[in-house]
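What you see below is based on every heavy atom in this structure, not just the backbone, and it leaves out hydrogens, waters and symmetry mates. Note on naming: letters A, B, ... go to the chains in the order of the sequence lines (proteins, then strands), and numbering restarts at 1 for each one.
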2 protein chains.
Amino acid sequence: MPRIPASERRAALARAALTVIARDGLAAATTRAIVAEAGMPLASFHYAVASRDELLRDVIELVVAAEGVAAGGLLAQAETPRDAIRGALNGYLDHVRSDPGAEQAMFELTQYALRTPELADLPAEQYRRYHELVADLLEAGASSLNIEWSIPVPDLARLMVTLTDGLTLAWLADRDDAAAGVAIDHAADAISAFARAPRIPAVIA
Amino acid sequence: MPRIPASERRAALARAALTVIARDGLAAATTRAIVAEAGMPLASFHYAVASRDELLRDVIELVVAAEGVAAGGLLAQAETPRDAIRGALNGYLDHVRSDPGAEQAMFELTQYALRTPELADLPAEQYRRYHELVADLLEAGASSLNIEWSIPVPDLARLMVTLTDGLTLAWLADRDDAAAGVAIDHAADAISAFARAPRIPAVIA
DNA sequence: GCGCAAGTGGGTCAAGCGTCCCAGACGAGC
DNA sequence: GCTCGTCTGGGACGCTTGACCCACTTGCGC
């Protein structure tokens, strides 16, 4: 075992924990399973981190950061607001489909954090960042489509996150691709009603 | 301890398990915690039920049935489709607010079932019944409002369940009543666009 | 080049877990 | 009223868990 500073081990343990949780679930993410995944002796665990719960705190932050990266690619080229929303939601669902365990891990971690007093503050922060992230995407989308949103962007962002969470939960439960696709189409219809021409039209190049 | 047939003990254990899960989370729902809640000796557990997972199967069915009862009250009096949807979503959120643990228990059970091979069939069935339930509500709403839905009712039902799940998750995380209320208002605006006058108007009394 | 803080890892601990055993108590049906 | 299947409940087993001790090794800063 090479000598690695504790802070790096801590990060490696968080990554390993996420891998285990995505593959086998939160209940299976024991200290032993995590160090086995990371290829470390058991003792490294409590040397790098004070407790299992403290590591899970790191894992949640890791997940939120990863979600941010994943969201970056959702701004597809589109002609209309409807297509943009449809594309973004389908892109998100593709991301879920490509690694369902990772997405389920997120839900499990959130639920666990809500039950654990020391972590109870994390879910609110987690969702605050999701909402912020989606709000940025909506702003960017509006400017690239040359439209504006008829309701406040933070409101619309919360609605979009509501949709992605709901779509993900149902798809995880029944894995019905067709039904999810149809739901996305209808959702895109409904949400694109909040797009309108800007008060000050942009100059057409 | 009075003599109680095993089938009744089984039902009592399922109810006790749900109480424990709602209060302390799924991880805390050990066989000992469940029998303590039910006021039974530990041995009654495996006399009434083959394994903990088998009891959780009962618990999930109990939860789904309870959700059905709760949904019955959501058909409030309303003048417009928008108000009807708004009322139903607000009623649902009130239900969540009144007992957040119970709703969280549902999510935890679903996630656990997805991770447990013997229970992996349950979530799909669970969501099938939610969708069916909401579809019935939408049919009833349409006839009492004298409208029809412009998209297939099963599609709209899935979209409504998507919204309730998403609203619930975000509210559980940040407990932001105001934001949830605003999201419901916008969602009601968006969804009510799928209501239209019927092809064959009803006779006005 | 050397001392000492930083890092390693095998072994161990008590607690709590799901499950099971079995001797005994009960009460419905003959 | 006796008997036999149903039900009770204290106890215990084997295992996994999070935690952590401590003797050892390493390599950076002086």
Provide, to the nearest angstrom, the distance between the [atom1] atom belonging to [X] and the [atom2] atom belonging to [N].
{"X": "B/R9", "N": "D/dC7", "atom1": "CZ", "atom2": "P", "value": "9 Å"}
{"X": "A/D24", "N": "D/dT16", "atom1": "CG", "atom2": "C1'", "value": "16 Å"}
{"X": "B/L13", "N": "C/dG18", "atom1": "CG", "atom2": "P", "value": "13 Å"}
{"X": "A/R10", "N": "C/dG7", "atom1": "CZ", "atom2": "P", "value": "13 Å"}
{"X": "B/Y47", "N": "D/dG10", "atom1": "OH", "atom2": "P", "value": "17 Å"}
{"X": "B/I34", "N": "C/dT19", "atom1": "CD1", "atom2": "C1'", "value": "14 Å"}

Between C/dT19 and B/H46, is there an OP1 or OP2 to side-chain N/O distance shorter than 4.0 Å?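 Yes, such a contact exists.
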
Testing B/V161, B/D165, B/T162 for side chain to side chain contact (heavy atoms under 4.5 Å, CB included) with A/L169, which one passes?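 Considering B/V161, B/D165, B/T162, a side chain to side chain contact (heavy atoms under 4.5 Å, CB included) with A/L169 is found only for B/D165.
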
When you measure from the side chain of [X] to the backbone N and O of [Y], does any donor-acceptor pair fall under 3.5 Å?
{"X": "B/T116", "Y": "B/Y112", "result": "yes"}
{"X": "A/W149", "Y": "A/L138", "result": "yes"}
{"X": "A/T110", "Y": "A/P123", "result": "no"}

Check this for me: does any side-chain nitrogen of one of [X] and [Y] sit under 4.0 Å from a carboxylate oxygen of the other?
{"X": "A/D58", "Y": "A/R10", "value": "yes"}
{"X": "A/D189", "Y": "A/R82", "value": "yes"}
{"X": "B/R128", "Y": "B/E125", "value": "yes"}
{"X": "A/R97", "Y": "A/D177", "value": "yes"}

Contacts under 3.5 Å, N or O only, protein and nucleotides 10-16 of chain C:
none

Which of residues 49-56 of chain A have a heavy atom under 4.0 Å from DNA chain D?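 When residues 49-56 of chain A is checked for heavy atoms under 4.0 Å from DNA chain D, the hits, listed by number, are A/S51, A/R52.
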
